[in-house]
Amino acid sequence: MVIAIKDVICIKGKMVTCGSRILEHFESPYDATVIQRLNRADGIIIGQTNMDEFAMGSSTENCAYGVVLNPIDETRVPGGSSGGSAVAVAAGMAWTALGSDTGGSIRQPAAFCGIVGLKPTYGRVSRYGLVAFASSFDQIGPFGGCVSDVARVLKVIAGHDPCDSTSAQVPVPDYVKSLTGDVSGLRIGLPKEYYTEALDREINDAIMKKVDVLRLHGAIVKEVSLPYTEYTIAAYYILTTAEASSNLARYDGARYGRRAKGAKDVIELYTRSRSEGFGDEVKRRIMLGTYVLSAGYYEAYYRKGQKVRRLIKEDFDKAFQDVDCLITPTSPTTAFKIGEKVDDPLTMYLSDIYTVSANLAGIPGISIPCGKDHQGLPIGLQILGKQFDEETILRVADFLESDER
Amino acid sequence: MPVTINDVEHVAKLARLELTEAEKEKFSQQLNTILSYMEKLNEPDTTTVEPLSHVIELSNIFREDKVKPSYPKEEMLKNAPARTEKFFKVPKVILER
């Protein structure tokens, strides 16, 4: 198993930069749990991959160490924030790769690069040694050229870890065995809020073709409703920036990472080290998160965001009473041009519309290739499942992949 | 409620960030755009909804209160930008009168 690792996961004795200047010389003193598990399974770690700084971005353009290019069309972004990991697999540099997914950072780059990417259920994989962005959203997951590779890696990295108290004490099934090729009787939901007039026709048609194949093989396809869908982006960006502003307070130039020269006192040391070390998008999110947590705004934004998060989660709970999984697009567009959205943060945020809900609800999601658009760019199809039911989404993904061949 | 340059300065101070005049201008515009989009959250009625802070609703997880070996001090000090033999070193914290 030759595997590349997103540069946000700690590997003992290696530089771990998170795509940031503030960690440019940081050498990890320990291995993340996922690295320990890969080593125990004789995994070969071949390299570390570039990413949006602290995993904040949807294009892998916000990097202190350069922009990552999409191997299918080098004028386009590979998606993000795990763009480097997706490219390593898509370009054949590694068999599989690990990424992290806080709001789509595995699934969307998988879609843009034409490969498979899985975000497991929150708590399925230990976050010990994953540098934190938004702790109640972050989850490590695998990329692969095919579904069975992803299933194999998940089997190795999943499971409870005493070092991460949010990792769940739920047995880990043999995911490869769940790839039975049988979808008959499976109930599949299409959330009507995801298939609106605004969705690109080509993407819609590519997905519907796959849904027809499932129907033909005995799956029961139903329309379902997730009424709070229109609030997902707002809730997501309030809660994740709040968590990020708190998590990133640790970068102060005192114990590790970049230290500004010539500071006269400790406050100046913190302020100057952080201002020199963080890039634009990270500063913007720290500012936004600090604002929504500050006195006078906490109730209006942060608390409200948490309440809407419950409504969004309940939408999924209700939908999963009627269906076993949901099929949606992964992204509203195929890979966009480098530079196209850098100066417009809100437009960039809105491009995460189909992926952030899985992180708000803590459910697993997988993106698989689903044909190409008229420009030859890969389209991604997303399958969302119930908490801890990666088996069903892997089974459907594997079935659709065999059909594609 | 628009975010003014003053608000940006206040938040930057809380976040221990130092912004240039151009950054202050840009961030106040961008935060205004983003926050006015966030106003959407006022549409749904949430008066009886409990806030959700964690998707797998866990209660406290305890471990046995036993001393276990920790990482070696030398390893942990290796990344220090400045240090003494045993400690991290920072500029003066308490100012002289």
Side-chain angles (χ1 to χ4, degrees), chain A residues 25-27 29-30 122-123 136 162 165-166 168 228 230-231 233-235 237-238 245 249 252-259 263-272 274-275 278 283-284 286-288 290-292 294 301 303-311 313 345-346 349 360-362 387, chain B residues 1 3 7-8 10-20 23 26-28 30-31 33-44 46-58 60-63 71-72 74-83 88-95:
Chain A
H25 300 301
F26 176 73
E27 189 183 310
Y30 70 102
Y122 183 84
S136 78
S165 58
T166 64
Y228 290 99
E230 64 172 304
Y231 306 110
I233 293 284
Y237 277 95
I238 284 176
S245 73
D252 56 10
R255 292 148 302 151
Y256 52 82
R258 189 189 184 96
R259 174 179 288 196
K264 289 188 300 297
D265 60 54
V266 83
I267 299 294
E268 195 186 326
L269 175 83
Y270 297 161
T271 306
R272 289 197 17 222
R274 291 164 64 77
S275 305
F278 290 136
K283 284 182 187 166
R284 182 159 39 244
I286 290 174
M287 292 287 290
L288 187 58
T290 306
Y291 183 85
V292 301
S294 65
Y301 291 106
R303 203 77 169 155
K304 188 79 186 181
Q306 286 188 312
K307 289 180 167 193
V308 173
R309 186 178 192 183
R310 181 175 298 278
L311 295 172
K313 181 175 180 291
L346 184 59
Y349 298 172
L360 284 159
Q387 283 190 350
Chain B
M1 141 187 32
V3 182
D7 296 331
V8 168
H10 173 65
V11 172
K13 195 175 159 220
L14 293 175
R16 301 278 186 252
L17 289 172
E18 188 177 53
L19 304 177
T20 63
E23 279 179 317
K26 184 175 71 181
F27 282 151
S28 82
Q30 289 176 336
L31 291 184
T33 311
I34 296 165
L35 287 165
S36 55
Y37 177 79
M38 303 303 187
E39 296 295 325
K40 277 179 93 64
L41 289 183
N42 291 322
E43 292 166 18
T46 56
T47 38
T48 60
V49 180
E50 275 295 301
L52 180 71
S53 56
H54 212 271
V55 280
I56 314 286
E57 293 188 61
L58 299 162
N60 288 332
I61 310 274
F62 295 109
R63 64 165 170 81
Y71 289 109
E74 193 46 44
E75 285 279 288
M76 291 299 122
L77 280 163
K78 220 166 55 184
N79 283 297
R83 56 177 285 190
F88 296 104
K89 197 170 163 186
V90 292
K92 204 170 264 186
V93 179
I94 300 161
L95 298 178

Contact origin within Leu269(A) toward chain B - heavy atom pairs under 4.5 Å
side chain
Rounded to the nearest 0.5 angstrom, the NZ-CG distance for Lys307(A) and Leu41(B) is 12.0 Å
Quick one: which of Glu230(A), His25(A), Arg258(A) has the most heavy-atom pairs under 4.5 Å with chain B, could you say?
Glu230(A)
Gap between atom CZ of Arg284(A) and atom NZ of Lys26(B) - 0.5 Å precision:
6.0 Å
For Glu268(A), is it the side chain, the backbone, both or neither that has a heavy atom under 4.5 Å from a heavy atom of chain B?
neither
Could you check whether the rings of His54(B) and Tyr122(A) sit parallel, tilted or perpendicular, using 30° and 60° as the cut-offs?
perpendicular
Just how far is it from atom CZ of Arg255(A) to atom CZ of Arg83(B), taken to the nearest 0.5 Å?
15.5 Å
How close do Ala15(B) and Thr290(A) get, counting heavy atoms only, and between which atoms?
CB-OG1, 3.6 Å
Shortest non-hydrogen separation from Pro81(B) to Gly253(A) and the atoms involved:
CG-O, 3.5 Å
At a heavy-atom separation under 4.5 Å, does Lys313(A) approach chain B through its side chain, its backbone, both, or neither?
side chain
Going by heavy atoms in the side chains, are Leu35(B) and Val292(A) under 4.5 Å from each other?
yes
Take a 6.0 Å sphere around NZ of Lys92(B) and say whether it holds more than 12 heavy atoms from other residues, nucleotides or ligands.
no
Atom OH in Tyr291(A), atom CD1 in Ile34(B): separation rounded to 0.5 Å?
12.0 Å
Need one label for Gln387(A): side chain, backbone, both or neither, based on atoms under 4.5 Å from any heavy atom in chain B.
side chain
Considering only heavy atoms, which portion of Pro29(A) lies under 4.5 Å from any heavy atom of chain B: side chain, backbone, both, or neither?
both
Asn79(B) side-chain N/O to Glu27(A) backbone N/O, donor-acceptor pair under 3.5 Å
yes
Heavy atoms, side chains only, cut-off 4.5 Å: are Val49(B) and Gln306(A) in contact?
no
Which portion of Ser294(A) sits near chain B, non-hydrogen atoms under 4.5 angstrom:
side chain
So what's closer than 4.5 Å to chain B heavy atoms on Tyr228(A): side chain, backbone, both or neither?
side chain
Should we say atom OH of Tyr349(A) is surrounded by more than 12 heavy atoms from elsewhere, each under 6.0 Å from it?
yes
Pairing of Glu50(B) and Arg310(A) as salt bridge, 4.0 angstrom limit:
no
Structural part of Leu31(B) lying under 4.5 Å from a heavy atom of chain A
side chain
Tell me, for Ala361(A) versus chain B, whether the close heavy atoms (under 4.5 Å) come from the side chain, the backbone, both or neither.
backbone
One should read off an interatomic distance between Lys40(B) NZ and Lys304(A) NZ, to the nearest 0.5 angstrom, of 13.0 Å
At a heavy-atom distance under 4.5 Å, which candidate from Ala82(B), Pro72(B), Pro51(B) has the highest pair count against chain A?
Pro51(B)
If you count heavy-atom pairs under 4.5 Å with chain B, which of Ala235(A), Gly123(A), Ser245(A) comes out on top?
Ala235(A)
For Lys78(B), is it the side chain, the backbone, both, or neither that has a heavy atom closer than 4.5 Å to a heavy atom of chain A?
side chain
Check each atom of Asn42(B) against the heavy atoms of chain A and say whether the ones under 4.5 Å are side chain, backbone, both or neither.
both
Donor-acceptor check, side chain of Arg16(B) to backbone of Tyr270(A), threshold 3.5 angstrom: yes or no?
no
Less than 4.5 Å apart, any side-chain heavy atom of Val90(B) and any of Arg259(A)?
yes
Which portion of Leu19(B) sits near chain A, non-hydrogen atoms under 4.5 angstrom
side chain
Which region of Leu52(B), side chain (C-beta onward) or backbone (N, CA, C, O), has a non-hydrogen atom less than 4.5 Å from a non-hydrogen atom of chain A, or is it both or neither?
both
Please report the interatomic distance OH(Tyr231(A)) to CD(Glu43(B)), rounded to the nearest 0.5 Å.
4.0 Å
Can you tell which part of Lys13(B) gets under 4.5 Å to a heavy atom of chain A, answering side chain, backbone, both or neither?
neither
Less than 4.5 Å apart, any side-chain heavy atom of Leu311(A) and any of Thr46(B)?
yes
